[in-house]
Amino acid sequence: MTMFSSTQIPHLMRTMVAGILGMPENHLRVITPEVGGGFGSKLNVYAEEALMCFIAKRIGKPVKWIESRRENFQCTIHGRGHVDYYELAAKRDGTMLGLKLKLIQDIGAYHQLLTPAIPTLSVLMMPGLYKFKSISADIIGAFTNCVPTDAYRGAGRPEATHGIERMVDILAAELKMDPVEIRLKNFVGNDEFPYATTTGLMYDSGNYAAPLHKALAAVDYTARRAEQVQAREAGKLMGIGISTYGEICAMGPSAALPAGGWESATVKIEPSGQVTVMTGASPHGQGEETTFAQITADELGVGINDVMVVHGDTSVVQYGIGTFGSRGTAVGGAALFYALQELKAKIRKFGVMLLGSENVSLVGGSCVDQSTGKSVSFAEMVVAAHHAKTLPPNTQPGLVATYFWEPPNFTFPFGAHIVVTEVDRDTGGIAIRRYIAVDDCGKVINPLLVSGQVHGGVAQGLGQALWEEAVYDDNAQLVTGELTDYALPRAHFMPFIESSHTETPSPVNPLGVKGVGEAGTIGCSPAVVNSVVDALSTLGVRHIDMPLTPEKIWKLIQAGGHA
Amino acid sequence: MIPQTFDYSAPQTLQEALALLENGERKILAGGMSLIPLMKLRLAQPAEVVDLGRVPGLNTITESDGIVHIGAMATHHAVETSPIIRAHCPLLAETAGQIGDVQVRNMGTMGGSIAHADPAADYPAALVALEARIHLVSAHSDRTVGAADFFQDAFVTSIEPGEIVLDIEVPVEESNEGSRYEKFPHPASGFAVVGVAARVRKSGDRITMARIAVTGMGTHAFRDHAAEQLLENGASIAEAAAVVGASEQPNADLFASADYRRHLARIHAARALAAAVSRAS
């Protein structure tokens, strides 16, 4: 049985579908073609996927299942759906002490793969980047007759970040402090890492003020505040919103995940010197085909075009966990790194043999005798390993290494987003004037791919903040079932995103990387809402629930801030 | 997602197309921006589709004797960028530039859009304000209909069975005229939640003629004669805008309630009029 599925988790898919159908797991082959984005909705095993295999087996013919857009809206998981009640304790000088949360999750009609894990992640991350003495949280899961909820880009962290970043702004407004000042006052300090949070996590590394200062400089914060004073005098509603977000990535140690948190890599050096990398991670648009080729080329000293990265075929690639929770490079890349170290050690043995010297080191792919300066090339060592006329002691022919890496901890990226908005007093429409995103995802391997992740994430965050909402009628029919009703940001709407980075390496993995797939979405929504609340603060507005649709904003303005 | 099975024909001449339309349940395909989605959702299930894409000469844009003739198959992009339209009826070019997105403007046609007559489409406001006429032909008839009479109801026009929109005739805007289209787009569909086309003539500081047409608010685009008369009788823009849509029952949907829509119509009328007045020299 061969199953083609647009999924983030080909191996877990195989295990679960084989189990559901009662067939031997090694008789099922799952192939994920090039998948154009998953965002959590493809981090599931859907009934239709098992059913198609069942039907194909029953009728003995190929079966194809394509959803219409409306079916897709109704039959794949939805995201968010949290109703949060926060209480915050702080001193008059702005020092935050305690945070209390009652979180009600709309589970929908059924549990999906990770449904209850989403609010759990929210609660784990509810302190954000700040020091709290005490935290209290109650999670209430409410079964409803709506579409089930599960992981959607950020999966619990956008909800947590939105909550804490709104509360920090509300506290700042209450104390008449600048939202920058109150954040700087409460950040976990640079000398406090690794930092144990009151929720039981161990933040790996951080320099939380660095991206905030960089973002403030980029937007020219002092000048924007002065501009805001002038705008207000002219009757305009201009807002400046900040979010300093933290997230938990590189999912994660197996002890913390339901079905393994490790990842695998196999590296094969072919006789011709070309390199095949097989990763158990299942990239679906993140670009690890490029990132992993870069890592491989750097470690082996081969050209990037000599590396082929293979993924997403359970009959070709060794078992792996998949790509979600910003783990592809931080866990899968680390597994690759360690597999490469094993291969390098083996290559070096052939270098020692060919040079007849123990005093050798690998330099840019070649092996150099440090005492004589003589060297053998990568190609010579690779040929020696494959022709195997003679072999180093206790060494097998061939150059293949497989590594299964278990991460010791999560990673904790962070960053600062600043959004300048202008609210149209007459229509309630919101214009994004500036969007600054400074993200720290640890070591950046490919700046273009990292920026691409930030851009896409911000687009999804903007959609969530401004428009997106699953609406049901009184008969629980989904009303927002087509893209003509459910608004997503289109290219022509997107503001120019001024994206840059700070780099604080993670000590959790040898690459120092943290993960960036979800950062844009997590940082975005609170920055946008903080900005719009700031714009309307002169009317006495203190909080607005998402989405910030124009009519909602207009009614708020009409009611003088008290809708 | 997958349309009902249908027959397809692509006539090479206008005569051939009109002959085909004489009988049977046939639907005309122009740019496909409305018909194809409707067919995919199976809200439209025509037995046969007649594609006008290969009939030559249906997309020309010319001007003669104070009338601009726009071929029905001219794309929104062509309308937006045509030097003739920009020079002689800039309101229409401005309106075309606000339709949908780049892809839609490259594919969609003016004739297709007005024949479809979506209540939230952009062209109807401009065509009504410009007092354009729609040129309809069939195998045995040839007539023109004023834009205000052409748009009759939601998705209903005065096109008779067998007829096609051949071209649209737009009077050249006079030199003392100013015009403007102001739109509040729906973020999902790109259609007008409301759109207001305004056109004024001035003599000195006095407004001697005003045309205000609103789309998106009701079942079809309409001229607001009461607001026009107020302006022509010396009322301020604010006074005139404040009565726009007074006699209409506005649409209401998830995105905009009836009250909000009426409010948006008045705000956009005021903005369109202010811009039109400042453009009228």
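Reminder, nothing fancy here: chain letters follow the sequence lines and each chain counts from 1. Keep in mind that what you see is a predicted model, and the values were worked out from it rather than measured.
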Quiz item: Contact part of A:Asp424 toward chain B, heavy-atom cut-off under 4.5 Å: side chain, backbone, both or neither?
Solution: side chain

Quiz item: For the residue pair B:Phe191 and B:His186, is the inter-centroid distance of their aromatic rings smaller than 6.0 Å?
Solution: no

Practice problem: Heavy-atom pairs under 4.5 Å with chain A are the metric here; pick the option from B:Arg266, B:Arg271, B:His268, B:Lys40 that has the most. | Solution: B:Arg271

Quiz prompt | Heavy-atom side-chain proximity of B:Arg223 to B:Ile212 below 4.5 angstrom | solution = no

Quiz prompt | Within-4.5 Å side-chain heavy-atom neighbours: A:Tyr46 and A:Trp65 | solution = no

Quiz prompt | Contacting region of A:Glu482 [heavy-atom separation from chain B under 4.5 Å] | solution = side chain

Quiz prompt | Greatest number of heavy atom pairs closer than 4.5 Å to chain A - which of B:Asp101, B:Asp259, B:Leu254 | solution = B:Leu254

Exercise. Just give me the residue among B:Pro37, B:Ser257, B:Ala270, B:Ala256 that pairs up with chain A most often, heavy atom to heavy atom, under 4.5 Å.
Key: B:Ser257

Quiz item: Can you check whether A:Phe73 and A:His78 have ring centres sitting under 6.0 Å from each other?
Solution: no

Pairs under 3.5 angstrom only: tabulate donor-acceptor contacts from the side chains of residues 526-539 of chain A to other protein residues two or more places apart or in another chain.
{"residue": "A:Asn530", "atom": "OD1", "partner": "A:Arg166", "partner atom": "NE", "Å": "2.8"}
{"residue": "A:Asn530", "atom": "OD1", "partner": "A:Arg166", "partner atom": "NH2", "Å": "3.2"}
{"residue": "A:Asn530", "atom": "ND2", "partner": "A:Glu165", "partner atom": "O", "Å": "3.4"}
{"residue": "A:Asn530", "atom": "ND2", "partner": "A:Asp169", "partner atom": "OD2", "Å": "3.4"}
{"residue": "A:Asn530", "atom": "ND2", "partner": "A:Ile242", "partner atom": "O", "Å": "2.9"}
{"residue": "A:Asn530", "atom": "ND2", "partner": "A:Pro526", "partner atom": "O", "Å": "3.3"}
{"residue": "A:Ser531", "atom": "OG", "partner": "A:Gly239", "partner atom": "O", "Å": "3.0"}
{"residue": "A:Ser531", "atom": "OG", "partner": "A:Val419", "partner atom": "O", "Å": "2.9"}
{"residue": "A:Ser531", "atom": "OG", "partner": "A:Thr421", "partner atom": "N", "Å": "3.3"}
{"residue": "A:Ser531", "atom": "OG", "partner": "A:Thr421", "partner atom": "OG1", "Å": "2.8"}
{"residue": "A:Asp534", "atom": "OD2", "partner": "A:Arg225", "partner atom": "NH1", "Å": "3.1"}
{"residue": "A:Asp534", "atom": "OD2", "partner": "A:Gln228", "partner atom": "NE2", "Å": "2.7"}
{"residue": "A:Asp534", "atom": "OD2", "partner": "A:Ile240", "partner atom": "N", "Å": "2.8"}
{"residue": "A:Ser537", "atom": "OG", "partner": "A:Arg232", "partner atom": "NH2", "Å": "3.2"}
{"residue": "A:Ser537", "atom": "OG", "partner": "A:Asp534", "partner atom": "O", "Å": "2.7"}

Practice problem: Pick one of side chain, backbone, both or neither for A:Arg490, based on which atoms fall under 4.5 Å of a heavy atom in chain B. | Solution: side chain

Quiz item: Given a strict heavy-atom distance threshold of 4.5 Å, which part of A:Phe493 is in contact with chain B: side chain, backbone, both, or neither?
Solution: neither

Practice problem: Could you look at A:Ile66 and say if it's the side chain, the backbone, both or neither that has a heavy atom under 4.5 Å from chain B? | Solution: both

Self-check item: Segment of B:Leu41 engaging chain A (4.5 angstrom heavy-atom cut-off)
Solution: side chain

Quiz item: Rounded to the nearest 0.5 Å, how far does CG of B:Leu127 lie from SG of B:Cys89?
Solution: 9.5 Å

Exercise. Can you tell which part of A:Pro550 gets under 4.5 Å to a heavy atom of chain B, answering side chain, backbone, both or neither?
Key: both

Practice problem: Identify, with sequence neighbours excluded, every residue that meets side chain to side chain donor-acceptor pair (under 3.5 Å) alongside A:Asp545. | Solution: A:His543

Practice problem: Salt-bridge test for B:Glu94 and B:Arg279: reply yes if a basic N is under 4.0 Å from a carboxylate O, no otherwise. | Solution: yes

Self-check item: Interchain contact, A:Asp485 with chain B, by part (heavy-atom threshold 4.5 Å)
Solution: backbone

